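Structure first, then comments.
Please read these numbers as outputs of a predicted model, since none were measured by experiment.
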Amino acid sequence: MLNNLTRSKPGLVRPGLIQTGILAATLLAGTLTFSSAQDKSAPVALPEGVTKGASVEGITEYNLKNGLKVLLFPDASKPTVTVNITYLVGSRHEGLGETGMAHLLEHMVFKGSTKHTNIPQELTTHGARPNGTTWLDRTNYFETFAATDENLKWALDLESDRMINSFIKKSDLETEFTVVRNEFEMRENSPQNVLNERVVSSAFLWHNYGKSTIGNRSDLEKVPIENLQAFYKKYYQPDNAVLVVAGKIDEAKTLALVNEYFSPIPKPTRVLQPTYSVEPVQDGERDVVLRRVGDTKVVSALYHIMPSSHPDYPAMDVLTDLLTDEPSGRLYKSLIETKKASQEYGYSFMTKDPGYVYFAAELLKEKSIDEAKATLLGTLDSVSIKAPTKDEVERSKAKLLKDVEISFKDVERLGRTLSEFIATGDWRLGFLYRDGLEKVTPADVQRIAKYYLKPSNRTVGVFIPEQNPDRVEAPEAPNIEALVKNYKGRAAIASGEAFDPSPANIDGRTRRVEQPNTIELALLPKSTRGNEVNARLTLRYGDEKSLMNKSAVSVFTASMLDRGTTTRSRQQIKDELDKLKAQVNVFGGGNQVNVTIKATKENLPAVLRIVGDMLKHPAFDPNEFEKLKQEQLAQIESQRSEPQSLAFTAFQRQMNPYPKSDVRYTSTPDEDVADVKAMKLDDLKQFHKDFYGAQNATLAVVGDFDETPVRKVITDELGTWKAKKPFSRLVTPFNDIKPTPQAIEAPDKANAFMVAGVNLPLRDDDPDYPALVLGNYMLGGGFLNSRLAVRIRQKEGISYGVGSQLQANPLDKTGMFMTYAIYNPENAERLEKAFREEMDKAVKEGFTADEIKAARSGLLQARMVSRAQDPSLVGTLNNYLYLNRTMNWDADFEKKLESLTPEQVNAAMKKHIDPSKISIVKAGDFAKAAKKAAEKQPASSVSGGKN
């Protein structure tokens, strides 16, 4: 799987920020603090053989006699539970010829165990949000599900059984290998990622941190099943694991269940030897040059640094942020503001042994790589001379501490986040990181910059001999036991209420203020963890005629809103939001702009005033405008040859053939470049003047807030703000598209991408819609157990990612059924054959009663889990204001789901989904695949010559 573990700019997928695993997900490594709704005055009864360990800020450690460490965190603020198990084995533990084994094993553990023979089906039936990830120092598996005794017992039974009873069969390895290879090739598509791997491997000559977690292709292809089984039996044991259970649990009852399911597993007799490779001190600058197909240039620099348990690690995080932050960072100012590059970023990972910090810049083809390289390295070299200022350090600390505090409140991410600290030595290191971050001074930052950011400790390019090399020796990890001994932490954050996410309760708790010609409100106050509140605001503007030929300018106008106002600079906006511990994202285009807000009860009014200023008084600064143009051009160029981008663009142009003047028109990369280059700042100013206003706006707020001050701010800021041009929704026509296959060449790309679909004359209140939703869930939804996933990924191992989607417009009778798959170009024919066969089978033979029963249960639970997430709920309430709906629509829809019969589901699928009308668009290096196939043909099968 691909997992981002980063503190770089939101939305940017950076090379090197890749963890491998079973499916895509995102997690933020950071520090957490927690509270419990459970009465801690009454001691938890300990089962026989169980001992109690440390307790810090709501988390309590217990130890089973077989060596399993258990962390319990009860929190009743959401009706969900997350079970996470971390095994202390990752790519660092792999031997010669075993690269990628930890990750491959992670895939195999989903193939079933003695008591749980179809794990994907079980995960879907229980409505779980699951995943597994592998990284340098650890592997983890987790699932979030509705908080019921049945679900908790099932999850604990699942994890205890697959700890020692997973099948790890040769037949499964033969199909899963191609899936892992597909994941390997997907990484190979990115020159930025490949460059990162080359730089890291050049920097680490001996330590396994220099090897990619995904592994070496030949090792993956040749690993004997016996070796994989031995690896599993060695590391997947209770004395090498930490179990975390967090959420709406009774601590004593949960501990008893954990003991019931895990204590029968015997403590192994084998003794695990610690890894002992130490990377030698680097004694000179190193250089890497990569040449392959791509659309942007990249220059990067890597430095060896301390392990993340070292007291200096928080200061390294501050140093990285003050160098790379946008727009205050030194690299941003020296590279982006001077237009020498279009993107810059930097990050370090949490590692048990000494790790690295990585900086990079991306630039357009026509820019000078030498100039960018000189500026990048010069800026990094200068930090030890030009000391960080107090303002720089405090700004970065405020940003990092804000991220820490926000992460404190997400109980569902507890186990996944703690996995990183568990892997580096102890879960309590997370709290020490937070404490250390608060103490960082400018002198600390300059000291570590002077010590670590040296040319002799850097991997960029050529080796430069030096008569007296200035070397850096990274310190060893400190004594973790002594470091965390007697650590008590702080007072726990107050917990939120046990909120019932049923449609009826949400409607009963929500106050709607709907008045014509002004902003409409949906307000749902409730007690939340850490007094958190989420809001979503949408401005709707223009009509089909007034927005003609304004697609690009609508996007650019929205993108400029957070880049400064007439009273606040871009930096001032960012600093104020960091001090208020708030996250604000602005995005839009077409006929609307959206703002998402995450704040606290006491700070929400102030944040709303800043948002009002951003929306009403953008500065449209010329320098920011030019930087935005450069960023957009770089983004366009970076996607120009990517198979997924090529396929989706062609698919959208085929299925939604709007005229070029229409604001919904799908443009080509060449058209995008032309639009950006032709864009004028006056175009944005006029667009804002004509179209922006709040008379057709909606705002939803969910969480801990006082209604009176919030409504006053909204009235003051937006109540009388009117757009000049009227709003009229864009009517979406149904297009009956003739199926037309497309094959697009993407040279030198290891992965291919297929997207296929058919337009449907469908609205979401049509009688057949619930049956189609459930049918699609079984066909391409669920967790690896849909018809398409079982056939194409599980059985044949053709695709890393495959699935389907069903879309239905709530206002117009137009929808779409769409499928997608990532695969090797050599498997194109196999993929399409399997896809066609499964589609025909689903439509002609239908689904069984057992399939429908299991899918319905999983889908209903998944919908409940989604309503329990405030960011998701606030989006729904905001959209329902526009649609004049209440949550009763969801209740009615779910009643229809519950009453569906197999005959209704199968009849709806047969009526609406015609496989012969599906258009298939694919992009990949099919020419190379065809050449390889021809080379494999025996000579006798090839005819030629003259008669």
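To the nearest 0.5 angstrom, I422 atom CD1 is 10.0 Å from I85 atom CD1. Taking CD of E362 as the reference point, atom OG of S638 lies at 7.0 Å (rounded to 0.5 Å). The structure places CE of M108 at 11.0 Å from CE of M101, a figure rounded to the nearest 0.5 Å. Within the model, atoms OG1 of T324 and CG of L335 stand 11.5 Å from one another, a figure rounded to the nearest 0.5 Å. Atom CG in N84 sits 12.5 Å away from atom CD in E412 (nearest 0.5 Å). Separation of atoms CE (M316) and CE (M306) is listed at 4.0 Å; rounding is to 0.5 Å.
Within the 3.5 Å criterion, the main-chain N or O of A315 finds no donor-acceptor partner in the side chain of D444. Distance alone, capped at 3.5 Å, is enough to place a donor-acceptor pair between the E279 side chain and the L205 backbone. Between the N216 side chain and the T99 main chain, no donor and acceptor come within less than 3.5 Å of each other. Checked by atom type and distance alone, the side chain of Y232 pairs as donor or acceptor with a backbone atom of M163 at under 3.5 Å. In this structure a side-chain-to-backbone donor-acceptor pair under 3.5 Å is missing from E61 to A54. Side-chain N or O atoms of R286 include one that pairs as donor or acceptor with a backbone N or O of A203 at under 3.5 Å. Not one N or O on the side chain of E642 forms a donor-acceptor pair closer than 3.5 Å with the backbone of Q639. Remark: side-chain polar atoms of S382 are not paired, donor with acceptor, to backbone N or O of I385 under 3.5 angstrom. Using modelled atom types, no side-chain atom of R428 and backbone atom of Y487 make a donor-acceptor pair closer than 3.5 Å. Not one N or O on the side chain of Q237 forms a donor-acceptor pair closer than 3.5 Å with the backbone of D239.
Across every non-hydrogen atom of L331 and E344, the tightest pair is CB-OE1, 3.7 Å. The heavy-atom pair separating A301 from L377 by the smallest distance is CB-CD2, 3.9 Å. Closest heavy-atom contact between S342 and E631: O-CG, 3.6 Å. Heavy-atom minimum distance, A246 versus V411: CB-CG1, 4.0 Å. Closest approach of A341 and I336 over heavy atoms only: O-CD1, 3.4 Å. The two residues L322 and V445 have their closest heavy-atom pair at CD2-CG1, 3.9 Å.
The one candidate from T213, T351, D137 that meets the side-chain hydrogen bond (donor to acceptor under 3.5 Å, both in side chains) condition with R92 is D137. When each of F349, Y345, Y347 is tested with Y358 by the rule ring-ring contact (aromatic ring centres under 6.0 Å, His included), just one qualifies, namely Y347. Results of the ring-ring contact (aromatic ring centres under 6.0 Å, His included) test with H304 over Y451, Y356, F204 single out F204 as the only residue that passes.
A salt bridge does not link E532 to R529: none of the charged nitrogens lies less than 4.0 Å from a carboxylate oxygen. A salt bridge links K402 with D578: the closest approach of a Lys/Arg side-chain nitrogen to an acidic carboxylate oxygen falls below 4.0 angstrom. Using a cutoff of 4.0 Å between basic side-chain nitrogens and carboxylate oxygens, D575 and K399 are not scored as salt-bridged. Taking 4.0 Å as the cut-off between side-chain N and carboxylate O, K749 and E185 do not count as a salt-bridged pair. We find that E394 and K397 are joined by a salt bridge, their nearest charged nitrogen and carboxylate oxygen being less than 4.0 Å apart. The pair R330-E392 counts as a salt bridge, with a side-chain nitrogen and a carboxylate oxygen less than 4.0 angstrom apart. Using a 4.0 Å cut-off between charged side-chain N and carboxylate O, E183 and R187 make no salt bridge. With salt bridges taken as basic N to acidic carboxylate O contacts below 4.0 Å, none links E197 and K211. A salt bridge links D381 with R458: the closest approach of a Lys/Arg side-chain nitrogen to an acidic carboxylate oxygen falls below 4.0 angstrom. A salt bridge links D435 with R490: the distance from a Lys NZ or Arg NE/NH1/NH2 to an Asp or Glu carboxylate oxygen falls below 4.0 Å.
No side-chain heavy atom of L401 sits less than 4.5 Å from a side-chain heavy atom of D403. Residues V484 and L432 form a side-chain contact, since some pair of their non-hydrogen atoms from C-beta on lies under 4.5 Å apart. T596 places none of its side-chain heavy atoms less than 4.5 Å from the side chain of V584. Proximity of L429 to L483: side-chain heavy atoms (C-beta onward) are separated by under 4.5 Å at one or more points.
Relative orientation of the Y313 and Y433 rings is tilted, given thresholds of 30° and 60° on the angle between their planes. Ring orientation note: the planes of Y235 and F231 are tilted relative to one another, at an angle of 30° to 60°. Classified by interplanar angle (parallel below 30°, tilted 30° to 60°, perpendicular above 60°), the ring pair Y800/H107 is tilted.
Between D321 and S396, the side chains place a donor N or O and an acceptor N or O closer than 3.5 Å (distance only, hydrogens not considered). Judged by distance alone, the side chains of T320 and D317 never bring a donor and an acceptor atom under 3.5 Å apart. Between T379 and S334, the side chains place a donor N or O and an acceptor N or O closer than 3.5 Å (distance only, hydrogens not considered). For N140 and T133, the side-chain atoms include at least one donor-acceptor pair closer than 3.5 Å. Side-chain contact of T375 with K340: a donor-acceptor pair under 3.5 Å is present, judged by distance alone. A donor and an acceptor atom, one from each side chain of Q635 and Q343, are nowhere located under 3.5 Å apart.
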- request: Go through T82 and V244 one step at a time and tell me if the side chain to side chain contact (heavy atoms under 4.5 Å, CB included) criterion holds.
  value: CA-CA 8 Å; T82 298; V244 180; over 6 Å; no
message: Is there a side chain to side chain contact (heavy atoms under 4.5 Å, CB included) between I59 and F431? Walk through the geometry before answering.
response: CA-CA 11 Å; I59 306 174; F431 300 98; 4.0 Å; yes
message: As a quick check of understanding, evaluate side chain to side chain contact (heavy atoms under 4.5 Å, CB included) for D219 and E98, giving each step before the final call.
response: CA-CA 6 Å; D219 289 359; E98 294 181 343; 5.8 Å; no
task: Under the salt bridge (Lys or Arg N to Asp or Glu O under 4.0 Å) rule, what do R138 and E420 come out as? Steps first, then yes or no, please.
output: CA-CA 8 Å; R138 57 90 190 140; E420 308 309 320; 2.6 Å; yes
Side chain to side chain contact (heavy atoms under 4.5 Å, CB included) assessment of I406 paired with K581: CA-CA 8 Å; I406 288 173; K581 301 173 183 178; 5.8 Å; no
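More than 12 non-hydrogen atoms from other residues, nucleotides or ligands lie less than 6.0 angstrom from NZ of K297. Within a 6.0 Å radius of CD in E221, other residues, nucleotides and ligands contribute more than 12 heavy atoms.
For the pair R162 and Y141, the distance from NZ or CZ to the six-membered ring centre is under 6.0 Å and the angle to the ring normal is within 45 degrees. Taking the centre and axis of the six-membered ring of F142, the NZ or CZ atom of R416 falls inside the cone set by 45° and 6.0 Å.
Between Y87 and Y236, the gap from one ring centroid to the other is short of 6.0 Å.
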